[in-house]
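Read through the structure below, which is laid out as structure tokens, and then see the notes.
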Amino acid sequence: MSETPQADKALENQADGTSPAQADQSAAAKKDKPAKPPKLEDKPFTSFIQDDLIPGLLKGLQSHGITPESLELVQGERPVVGGECWMVTGSLPPGRRFWLCFNDDSINAGKTIALADPGTEPSLLESFLIDEKRMSLPLLLSRLLQRLNGQKWLGGN
């Protein structure tokens with residue numbers, strides 16, 4: 001055993017091939033490196049939905065020439081089967097409606113989707129993104145727009 005911490009550090013540096021100056025520079029670089037900003041998906045649920053998902057969805061719909069009548073986050077009765085849940089609800093012209101339901105206040109929670117054509121009520125609740133382990137804003141947006149397009153709600157296919 002050596003008698004000083006500096007001597008111990010010098011022995012460690014010799015063992016891994018770094019000089020004391022290189023070790024000091026490396027330590028300084030780690031301290032000066034800014035912390036990574038948190039991922040969008042790590043934001044609180046309601047903030048993520050209202051600040052990121054809904055504006056992204058609005059932009060995606062507008063890119064297809066559709067201006068939604070409404071897009072909002074609500075907590076209420078799940079369509080078709082009932083039970084309380086968080087939902088992104090949307091109304092698209094001419095009276096089409098959708099509900100993207102979250103089982104919990106987390107974007108990684110189980111999700112379902114319900115759709116209704118003008119003058120009808122939703123009659124089917126479908127699983128949505130059930131095989132995904134980790135949600136992201138681009139994934140949620142692309143799959144929701146893809147599902148609406150599958151209904152031919154975003155234009156002719």
Side-chain angles (χ1 to χ4, degrees), residues 12 16-18 22-157:
E12 286 176 21
D16 69 7
T18 60
Q22 288 172 325
D24 290 343
Q25 286 175 347
S26 175
K30 288 180 184 176
K31 289 179 186 176
D32 293 342
K33 190 175 183 181
K36 288 183 181 179
K39 293 180 182 178
L40 284 177
E41 294 79 7
D42 292 335
K43 289 172 67 172
F45 176 75
T46 55
S47 295
F48 173 82
I49 299 294
Q50 292 171 334
D51 299 343
D52 303 302
L53 182 65
I54 290 176
L57 183 55
L58 177 61
K59 185 177 179 181
L61 290 169
Q62 288 173 336
S63 74
H64 285 87
I66 296 171
T67 301
E69 296 166 359
S70 72
L71 277 177
E72 60 185 345
L73 174 66
V74 297
Q75 189 173 20
E77 187 79 11
R78 182 187 326 267
V80 184
V81 297
E84 283 284 309
C85 71
W86 284 98
M87 300 173 276
V88 174
T89 63
S91 294
L92 309 177
R96 295 171 170 151
R97 296 172 295 148
F98 70 88
W99 298 260
L100 176 59
C101 306
F102 294 83
N103 293 344
D104 241 335
D105 61 347
S106 166
I107 64 167
N108 291 310
K111 288 169 276 311
T112 53
I113 189 168
L115 306 158
D117 282 314
T120 66
E121 290 300 316
S123 59
L124 179 66
L125 194 63
E126 303 171 21
S127 295
F128 187 76
L129 290 172
I130 59 173
D131 293 333
E132 304 301 327
K133 299 291 183 215
R134 183 90 170 128
M135 283 299 115
S136 68
L137 179 62
L139 180 63
L140 279 167
L141 289 172
S142 68
R143 292 306 192 278
L144 182 52
L145 290 168
Q146 183 180 38
R147 183 62 187 93
L148 297 176
N149 193 45
Q151 289 294 118
K152 301 187 190 286
W153 287 7
L154 303 184
N157 291 359

Looking at [atom1] of [X] and [atom2] of [Y], how far apart are the two atoms once the value is rounded to the nearest 0.5 Å?
X	Y	atom1	atom2	value
W99	C85	CH2	SG	11.5 Å
Q151	I113	CD	CD1	8.5 Å
I66	L61	CD1	CG	6.0 Å
K43	L137	NZ	CG	9.5 Å
E84	N103	CD	CG	12.5 Å
S47	D42	OG	CG	12.5 Å

Going by heavy atoms in the side chains, are [X] and [Y] under 4.5 Å from each other?
X	Y	answer
L100	T112	no
L115	L148	yes
P68	P93	no
D105	T46	no
F98	L144	yes
M87	F102	no
V80	L124	no

Step-by-step side chain to side chain contact (heavy atoms under 4.5 Å, CB included) determination, T67 to L92: CA-CA 7 Å; T67 301; L92 309 177; over 6 Å; no
Flag, side chain of S127 to backbone of I130, donor-acceptor distance under 3.5 Å: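 No; judged by distance alone, with no hydrogens or angles, the pair does not exist.
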[X] and [Y]: which non-hydrogen atoms are nearest, and at how many Å?
X	Y	answer
F48	L140	CE2-CD1, 3.9 Å
L141	L57	CD2-N, 3.3 Å
P122	A116	N-CB, 3.7 Å
E77	G82	OE2-CA, 3.0 Å

Exercise: do D104 and W86 side chains pair donor with acceptor under 3.5 Å: no
K59 with D52: basic N within carboxylate O range, under 4.0 Å: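 D52 and K59: not salt-bridged.
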Chi angles and distances behind the side chain to side chain contact (heavy atoms under 4.5 Å, CB included) call for L139, L129: CA-CA 9 Å; L139 180 63; L129 290 172; 4.3 Å; yes
Sequence neighbours excluded, every pair satisfying salt bridge (charged side-chain N to carboxylate O under 4.0 Å, His left out) that has a member inside residues 88-98: R97-E121
Side chain to side chain donor-acceptor pair (under 3.5 Å) partners of E126, counting only residues at least two apart: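 Partners of E126 under the side chain to side chain donor-acceptor pair (under 3.5 Å) test: R147.
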For S106, side-chain contact (heavy atoms from CB on, under 4.5 Å) partners two or more places apart: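 Only N108, A109 meet the side-chain contact (heavy atoms from CB on, under 4.5 Å) criterion with S106.
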